[in-house]
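Each remark here refers to the structure printed beneath this line.
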Amino acid sequence: MQSQHAAPFTLGPALLFCPADRPERFGKAADRSDAVILDLEDAVAPADKPQARNAILEQLGAGALDSARTIVRLNPVGTAEFELDLEALEQTPYRTVMLAKAEGAEQLRALAGYSVIALCETAAGIVNASAIAAEPNVVGMMWGAEDLLASLGGLSSRNDDGGYRAVALHARSTVLLAAKAAGKEAIDSVYVNIPDLDGLAEESGDAVASGFGAKVAVVRQAYAPAPAAVAHARELLEAAASAGTGVFQFKGKMIDGPILKHAEATLRRAGHPRDGS
């Protein structure tokens with residue numbers, strides 16, 4: 001059964017991602033943004049997701065976050081992590097969520113009772129953007145550049161000059177048009193190069209001029225993995241390139257696809273999109 005129409009999305013224009021397993025950063029992120037997005041998906045390693053959910057629950061009594069200005073990014077529908085995310089979320093006052101890798105309208109029905117920002121970051125999500133935007137509990141639409149290009153088998157969403165590739169611009173426009181046609185808010189993709197304030201300002205200005213209602217950035221200090229983790233991920237991916245396809249051994253451990261994806265995500269969070277996109 002579909003949910004009733006959710007209240008309009010009024011958060012923004014500045015949204016910040018913060019890894020949910022870094023509770024010491026929650027308050028700082030909230031102070032520096034119009035709303036903070038506690039990320040249970042890409043910003044958290046698979047082994048740390050239980051810790052991240054616990055961190056959200058444990059900080060409830062501390063008063064660091066305003067529930068009206070807090071968004072929780074969930075893992076994709078159909079995964080075991082999504083079900084565990086929902087169990088934890090039910091124990092909180094947070095009722096605005098971001099659904100990672102939204103690909104079809106039926107997925108939104110698993111979030112009845114929540115106001116949902118649908119994050120379209122795969123080819124299927126972009127193609128189905130209009131149907132997703134039409135769902136009653138969807139309050140906003142966002143697009144994801146690097147995950148989209150990865151789903152296409154591409155290497156990077158941006159050209160050497162820093163501008164988006166044509167396919168990324170097409171996805172951006174598609175999500176913007178789908179959102180506005182459905183009377184929903186449109187949120188521009190995350191800007192990860194936080195030290196580049198000029199680039200952030202230019203891209204934010206274009207987002208405003210194009211009709212986006214909000215722009216997302218990341219809390220760089222909280223998001224960046226430790227140098228040792230970056231070095232390990234780079235070494236692992238280099239070994240994978242030498243090994244060819246299939247499962248292989250690395251430092252006494254069996255390595256398969258999910259582990260390689262985690263290494264790629266580590267390099268993305270470190271600011272090396274060509275290594276991990």
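Quick note: numbers below take in every heavy atom, side chains included, and nothing from hydrogens, waters or symmetry partners.
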When rounded to the nearest 0.5 angstrom, what is the spacing between [atom1] in [X] and [atom2] in [Y]?
{"X": "E103", "Y": "L108", "atom1": "CD", "atom2": "CG", "value": "12.0 Å"}
{"X": "E264", "Y": "K261", "atom1": "CD", "atom2": "NZ", "value": "8.5 Å"}
{"X": "M254", "Y": "I259", "atom1": "CE", "atom2": "CD1", "value": "9.0 Å"}
{"X": "K101", "Y": "T79", "atom1": "NZ", "atom2": "OG1", "value": "10.0 Å"}
{"X": "T10", "Y": "R69", "atom1": "OG1", "atom2": "CZ", "value": "11.0 Å"}
{"X": "R95", "Y": "S67", "atom1": "CZ", "atom2": "OG", "value": "9.5 Å"}

> Can you list the residues that meet the ring pair (Phe, Tyr, Trp, His ring centres under 6.0 Å) rule with F250, with sequence neighbours excluded?
Replying inline: H232

>> Run the ring pair (Phe, Tyr, Trp, His ring centres under 6.0 Å) test against H170 and tell me which residues pass, sequence neighbours left out.
In response: none

Taking [X] for the side chain and [Y] for the main chain, is one N or O donor matched with an acceptor at less than 3.5 Å?
{"X": "R172", "Y": "D188", "result": "no"}
{"X": "K180", "Y": "G211", "result": "yes"}
{"X": "N75", "Y": "A100", "result": "no"}
{"X": "N128", "Y": "A124", "result": "yes"}
{"X": "K184", "Y": "V139", "result": "no"}

Should [X] and [Y] count as side-chain neighbours, where that means a heavy-atom distance under 4.5 Å?
{"X": "S242", "Y": "F248", "answer": "no"}
{"X": "L60", "Y": "P93", "answer": "yes"}
{"X": "L86", "Y": "Y114", "answer": "yes"}
{"X": "I71", "Y": "I117", "answer": "yes"}
{"X": "I126", "Y": "C120", "answer": "yes"}
{"X": "L149", "Y": "V167", "answer": "yes"}
{"X": "I255", "Y": "V247", "answer": "no"}

What's the shortest heavy-atom distance between [X] and [Y], and which atoms?
{"X": "L119", "Y": "G144", "answer": "CD1-N, 3.8 Å"}
{"X": "I187", "Y": "F212", "answer": "C-CD2, 3.5 Å"}
{"X": "F26", "Y": "C18", "answer": "CD2-SG, 3.9 Å"}
{"X": "N137", "Y": "A112", "answer": "ND2-N, 4.1 Å"}
{"X": "A168", "Y": "S157", "answer": "CB-O, 3.9 Å"}
{"X": "S151", "Y": "T122", "answer": "OG-CA, 3.6 Å"}

Between [X] and [Y], is there a side-chain N and carboxylate O pair less than 4.0 Å apart?
{"X": "R22", "Y": "E24", "answer": "yes"}
{"X": "R73", "Y": "D85", "answer": "no"}
{"X": "E41", "Y": "K49", "answer": "no"}
{"X": "R158", "Y": "E203", "answer": "yes"}

> Knowing that exactly one of L11, D66, L65, D31 qualifies, which makes a side-chain contact (heavy atoms from CB on, under 4.5 Å) with V36?
Replying inline: L65

Are [X] and [Y] connected in the hydrophobic side-chain network, where two residues link if heavy atoms are under 4.5 Å apart?
{"X": "V127", "Y": "V175", "value": "no"}
{"X": "M98", "Y": "L84", "value": "no"}
{"X": "L169", "Y": "V208", "value": "no"}
{"X": "L57", "Y": "L40", "value": "yes"}

>> For a side-chain contact (heavy atoms from CB on, under 4.5 Å) check, start with the C-alpha distance between F82 and L111, then their side-chain angles and the critical distance, and finish with the verdict.
In response: CA-CA 11 Å; F82 172 79; L111 287 165; 4.0 Å; yes

>> side-chain contact (heavy atoms from CB on, under 4.5 Å), that's the test. Do E185 and M141 meet it? Break it down for me.
In response: CA-CA 6 Å; E185 191 55 271; M141 298 283 287; over 6 Å; no

> Between T92 and I56, does a side-chain contact (heavy atoms from CB on, under 4.5 Å) hold up when you go through it step by step?
Replying inline: CA-CA 8 Å; T92 77; I56 290 177; 4.2 Å; yes

> More than 12 foreign heavy atoms under 6.0 Å from CD of E106: is that the case here?
Replying inline: yes

> Among E81, E83, E58, whose salt bridge (Lys or Arg N to Asp or Glu O under 4.0 Å) with R53 holds?
Replying inline: E81

> Would E121 and M142 satisfy side-chain contact (heavy atoms from CB on, under 4.5 Å), going step by step from the backbone distance to the final call?
Replying inline: CA-CA 8 Å; E121 50 186 343; M142 180 177 163; over 6 Å; no

